[in-house]
Amino acid sequence: MKTIFKLGLSGAQGSGKTTLAKAFSERTGIPYFDADVRGILKRNGFDCRADMSLPEYIDMQETVCRELFNSYPDHSFITDRTPVDVISYTLAYIPPTISLAKSAVNPRPMRAGI
């Protein structure tokens, strides 16, 4: 049975994930998988720079997460974007263009240190 190697790099935009993933791919011969998050957004009609409500933002992030997970190949690969990134961005960053007033979601207060 052949070993399948799946590696996803997580981190902030501009931190070097793509550069590292491509260099790793070249050095090891393990294929680089382009997550194409921009393509996912475009195919699903999302504009991440548009003004949107919190439920719309969550829907966008959930769509990206689901499509990323479902698009991974069955063979070995390395990629520069994972559902962990999407979940982290969703939990840690809500753009200032999202209005909680327009949202049907009532956010819970954050605990100190979270």
Side-chain angles (χ1 to χ4, degrees):
M1 180 176 192
K2 184 179 177 183
T3 301
I4 296 177
F5 183 85
K6 297 180 179 186
L7 177 63
L9 303 180
S10 295
Q13 290 178 324
S15 64
K17 295 182 306 295
T18 302
T19 301
L20 181 60
K22 288 180 177 180
F24 184 89
S25 175
E26 287 177 21
R27 189 161 193 175
T28 64
I30 294 171
Y32 167 72
F33 175 77
D34 184 354
D36 190 28
V37 172
R38 286 187 180 109
I40 292 171
L41 293 172
K42 186 175 182 178
R43 280 192 307 277
N44 288 280
F46 291 110
D47 177 0
C48 62
R49 296 184 179 159
D51 188 23
M52 64 182 81
S53 68
L54 185 56
E56 291 168 328
Y57 181 76
I58 298 296
D59 182 47
M60 178 182 72
Q61 295 292 66
E62 180 183 2
T63 299
V64 171
C65 190
R66 187 180 332 97
E67 285 210 20
L68 270 179
F69 186 78
N70 290 330
S71 67
Y72 290 142
D74 292 331
H75 56 76
S76 295
F77 67 90
I78 182 168
T79 187
D80 62 347
R81 184 72 62 218
T82 69
V84 171
D85 291 300
V86 178
I87 293 166
S88 297
Y89 290 136
T90 301
L91 294 174
Y93 175 73
I94 296 178
T97 57
I98 291 179
S99 169
L100 293 178
K102 292 192 286 184
S103 170
V105 175
N106 293 321
R108 292 180 295 189
M110 297 288 285
R111 293 187 310 234
I114 295 181

Check: [Y] and [X] side chains under 4.5 Å, non-hydrogen atoms:
| X | Y | result |
| --- | --- | --- |
| Tyr32 | Asp80 | yes |
| Ile4 | Asp74 | no |
| Thr63 | Met60 | no |
| Arg81 | Ile40 | no |
| Met52 | Asp59 | no |

Between Tyr72 and Phe33, how do the two ring planes meet: parallel, tilted or perpendicular, split at 30° and 60°?
-> perpendicular
Are the side chain of [X] and the backbone N or O of [Y] linked by a donor-acceptor pair below 3.5 Å?
| X | Y | value |
| --- | --- | --- |
| Lys17 | Gly11 | yes |
| Asp34 | Asp36 | yes |
| Ser25 | Ile30 | yes |

Can we say Lys22 and Glu26 salt-bridge, meaning some charged N sits less than 4.0 Å from an Asp/Glu carboxylate O?
-> no
Take atom CZ of Phe5 as the centre, draw a 6.0 Å sphere, and report whether it contains more than 12 heavy atoms from other residues, nucleotides or ligands.
-> yes
Hydrophobic clusters here meaning ILVMFWY residues chained together by side-chain heavy-atom distances under 4.5 Å, can you tell me if [X] and [Y] are in one?
| X | Y | result |
| --- | --- | --- |
| Phe46 | Leu68 | yes |
| Leu7 | Leu20 | yes |
| Tyr57 | Leu41 | yes |

Which pair of non-hydrogen atoms, one from Lys6 and one from His75, has the smallest distance, and what is that distance?
-> CE-O, 4.0 Å
What distance do Lys42 atom NZ and Cys48 atom SG have between them, rounded to the nearest 0.5 Å?
->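 Rounded to the nearest 0.5 Å, the NZ-SG separation comes out at 13.0 Å.
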